[in-house]
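Here's the structure we're looking at; comments come further down.
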Amino acid sequence: MRGEALKGHLDGLLLATLEPGARHGYAVIEALREVTGGSLDLPTGTVYPALRRLEQAGLIRGTWDAPSGRRRRCYELTPAGHRRLAEERAGWRTFVTTVSAALEGRPWPATG
Amino acid sequence: MAGDRLTGDHPLVRAQLARLDRRLPHDLADEVADGLRSTYERHLRAGAHHDSGGRADAAAAAIAEFGDADVVADAFLAASPGRLTARALLATGPLVGGCWAAVLVSDRAWTWPVPDLGRSAAGAALLLVVAALLLVLRAPIGYRALHAVTATACGLLVLLDLALPLTAVTRSPSPTPLLVLAAGLSAVRLAVVAARGRAVLAAALTGWGGPRP
């Protein structure tokens with residue numbers, strides 16, 4: 001998948017990396033690298049402001065931690081973040097189903 | 001400060017951290033420092049040689065992957081509560097301002113018995129607000145300065161959005177539907193500024209707005 005297209009779904013990807021549990025910023029970057037196969041075409045440092053933006057929106061919660069002496073901010077999903085992730089998934093499935101049907105010349109599936 | 005604690009890192013990495021420290025509050029710089037340092041360590045582990053050339057290669061690769069300090073700092077500014085607030089206020093400003101201009105012209109506001117000083121102060125405040133918000137969006141200023149300017153602009157805007165409807169209601173012979181609409185838009189803007197003002201003020205004072213209440 002093209003990196004530019006992935007960037008358009010960055011919020012959903014970040015929320016998904018936090019679904020299994022709390023992670024600090026660099027662990028989020030690593031998880032993101034892993035799930036996208038390294039094809040996310042953006043400076044990984046810009047993930048931090050994106051995390052802060054999600055925190056500001058109340059979708060994730062951040063707390064400071066220093067397990068090995070180095071201060072790290074750990075993030076976890078809030079209930080609103082879980083709801084947003086579910087919405088992102090539902091929207092993505094609808095998009096994929098619709099575009100797949102159109103590209104493969106099948107009738108569009110009924111909605112609702 | 002982040003740079004002070006990273007004396008074991010490569011000079012290229014330290015230079016990046018020093019720039020982040022200059023542009024961002026310490027909490028943000030600390031968090032980013034951990035990411036850049038971890039990226040550097042990963043490249044260092046992946047490299048075959050740990051001599052000075054190998055360390056320089058690892059540092060350069062880490063910075064290329066992580067992003068230059070200015071790119072990361074700019075991304076923080078773009079996502080900051082101050083800049084988001086300034087963008088929202090500038091986007092809706094013409095609508096609110098246009099509505100009030102129509103009210104003032106249709107009600108012949110120049111005939112209202114308002115002291116010249118009050119008119120001048122309101123005009124100057126409006127110009128100052130627009131200039132401050134444009135500065136927040138365009139100028140390469142620091143994180144805290146950006147939020148201090150936004151907070152000042154928000155404070156002036158609150159005064160204007162309170163003074164203008166009060167003056168219009170008391171001076172206008174009979175409130176028109178247009179006046180009611182303009183006052184309503186001012187009330188909505190007051191609510192938006194009140195909702196975002198806390199995060200902007202927190203970022204101006206402590207460096208980060210924190211989560212919404």
Side-chain angles (χ1 to χ4, degrees), chain A residues 3 7 10-11 14-15 17-18 22-34 36-84, chain B residues 1-2 5-6 8-9 13 16-17 19-20 24-43 61-85 143 196 198-200 202-203 207-213:
Chain A
K7 258 195 273 187
L10 182 61
D11 286 5
L14 290 174
L15 293 175
T17 62
L18 291 171
R23 291 181 198 265
H24 57 76
Y26 186 69
V28 170
I29 291 172
E30 287 284 87
L32 207 54
R33 223 158 50 91
E34 200 172 310
T36 62
S39 58
L40 190 60
D41 181 25
L42 88 172
T44 52
T46 58
V47 163
Y48 290 95
L51 287 170
R52 293 289 186 141
R53 182 170 44 75
L54 293 177
E55 185 182 3
Q56 181 73 24
L59 299 175
I60 62 176
R61 185 184 304 112
T63 48
W64 285 104
D65 196 12
S68 56
R70 199 192 295 183
R71 280 182 86 214
R72 287 178 152 172
R73 195 162 175 82
C74 280
Y75 297 96
E76 61 183 336
L77 288 183
T78 62
H82 280 287
R83 284 195 298 276
R84 173 66 67 83
Chain B
M1 289 178 36
R5 291 198 302 275
L6 299 177
D9 289 320
V13 174
Q16 292 285 314
L17 298 179
R19 271 160 61 200
L20 284 167
L24 295 173
H26 291 166
D27 268 3
L28 299 184
D30 277 357
E31 188 180 9
V32 178
D34 174 62
L36 179 55
R37 193 184 190 186
S38 298
T39 307
Y40 169 60
E41 288 165 354
R42 179 167 53 78
H43 280 280
I63 293 164
E65 177 186 317
F66 195 78
D68 180 77
D70 287 330
V71 170
V72 177
D74 286 345
F76 267 111
L77 292 182
S80 68
R83 196 163 278 180
L84 295 177
T85 302
Y143 195 89
R196 297 189 172 208
R198 188 172 154 183
V200 172
W208 178 249
R212 270 184 200 156

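Sequence lines set the chain letters: A, B, ... in the order given, protein chains first and strands last, and positions in each chain run from 1. Keep in mind the model is a prediction, meaning the values are calculated, not measured.
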Looking at side-chain heavy atoms only, is the closest gap between [X] and [Y] below 4.5 Å?
X: A:Arg71; Y: B:Asp34; answer: no
X: B:Pro81; Y: A:Gln56; answer: yes
X: A:Trp64; Y: B:Asp27; answer: yes
X: B:Glu31; Y: A:His24; answer: no

Open item on the list: Once rounded to the nearest 0.5 Å, what's the spacing between atom CZ of B:Phe66 and atom CD1 of A:Ile29?
Closed with: 5.5 Å

Task: Gap between atom CD of A:Glu30 and atom OG1 of B:Thr39 - 0.5 Å precision - done: 7.5 Å

Task: Shortest non-hydrogen separation from A:Pro43 to B:Val71 and the atoms involved - done: CG-CG1, 4.1 Å

- [ ] Could you walk me through whether A:Tyr26 and B:Glu41 pass the side chain to side chain contact (heavy atoms under 4.5 Å, CB included) test, one step at a time?
- [x] CA-CA 12 Å; A:Tyr26 186 69; B:Glu41 288 165 354; over 6 Å; no

Open item on the list: Please check if the number of heavy atoms outside A:Arg84 that lie under 6.0 Å from its CZ is greater than 12.
Closed with: no

